[in-house]
Amino acid sequence: MRIASWNVNSLAVRLPHVLTWLETHQPDVLCLQETKLADDKFPCIECTAAGYQALFCGQKTYNGVAILSKRPALDMVCALPAFEDPQKRLIAATVDGVRVVCVYVPNGQSVDSEKYRYKLAWLTACGAWLQAELERYPKLAVAGDYNIAPEERDVHDPKAWEGQVLFSAPERAAFQGLLALGLKDSFRLFEQPPASFTWWDYRMNAFRRKMGLRIDHILLSAPAAAACRASTIDIEPRRAERPSDHAPIYVDLEI
DNA sequence: ATGGTAGAAACTCTA
């Protein structure tokens, strides 16, 4: 079973990229973030034609998440139950016995902002909810844009980024808190190339200059991690015309 | 020096 995740930064703009990528890589599940689409605008017909059903939880202009799957996705949840929030950042469903959680963690903007405090509060609420999900669903994957680089090797210039949003100590501690629930960072289950990143700023030719961060992750419960055979970043779509600023990532599970 | 780029939507906010 191949489970993928991609922050597309507007599905309206990136739909051709997504359809091409589905055709090439044939994931069983694709988690999307930053669809930026109200639910009545979601491209269901195009997804069906590509062989995928879609569950989505969106809003106009900002945020928005979706789960595309070849097989039926059941028991959808579309928000953190105990966290009142108008922003559409989480959707979960079960596909072939695997609980798939798609997250778009708040960016945080800057460490002194209200948005940063919201990011940390959101992560606390998400962790508490995931703890209960892990008890209900042994095979669980949490895929998405975490907006956190966990370690120095996940940042092109850790000294420059130290203390900045996406790499500050409280954010990294929150990420470690998710791992402490028993989740594994799938990417680090395997030897990986140095300077492996998933996001490059559109500005300053960051992609060409390899100035990236690894902020998109697929975390796995212990039984899912035990079945994981590979965890991959596909940077090819970042080279395309009008790319998303994020690369798609995926895991291959022997399930 | 606080820039720059992209997207949505509206002439600004978010990332």
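Quick note on labels: first sequence line is chain A, next is B, and so on, each numbered from 1.
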In whole angstrom, give me the gap between the P atoms of B/dA15 and B/dA9.
-> 15 Å

Distance between C1' atoms of B/dT2 and B/dC11 (Å, rounded) | 22 Å

Under 4.0 Å between any heavy atoms, over every strand shown, what does A/Arg209 touch: base, sugar-phosphate, or nothing? Just pick one.
-> nothing

Specify the residue among A/Thr61 and A/Asp245 whose closest nucleotide of DNA chain B lies further upstream toward the 5′ end.
-> A/Thr61

Terminal contacting nucleotides, 5' and 3', DNA chain B versus chain A (heavy atom, 4.0 Å) | B/dG4 to B/dA15

Going by the disulfide bond (SG atoms under 2.5 Å apart) test, which pairs reach into residues 64-161 of chain A, not counting sequence neighbours?
-> A/Cys57-A/Cys78

ring-ring contact (aromatic ring centres under 6.0 Å, His included) partners for A/Tyr137, two or more places apart | none

Assign A/Phe207 to base, sugar-phosphate, or nothing according to its heavy-atom contacts below 4.0 angstrom with the strands shown.
-> nothing

5′-ward residue of the pair A/Tyr202/A/His246 relative to DNA chain B | A/Tyr202

Inter- and intrachain pairs under ring-ring contact (aromatic ring centres under 6.0 Å, His included), touching residues 208-227 of chain A, at least two apart = A/Tyr146-A/His217, A/Phe175-A/His217

For nucleotides B/dG3 and B/dT14, find the distance between their P atoms and express it as a whole number of Å.
-> 16 Å

A/Asp39 meets the side chain to side chain contact (heavy atoms under 4.5 Å, CB included) criterion, sequence neighbours left out, with A/Phe56

Do A/Lys119 and A/Glu171 have side chains that get closer than 4.5 Å, going by heavy atoms?
-> yes

Pairwise disulfide bond (SG atoms under 2.5 Å apart) hits with a residue in residues 212-255 of chain A, at least two apart | none

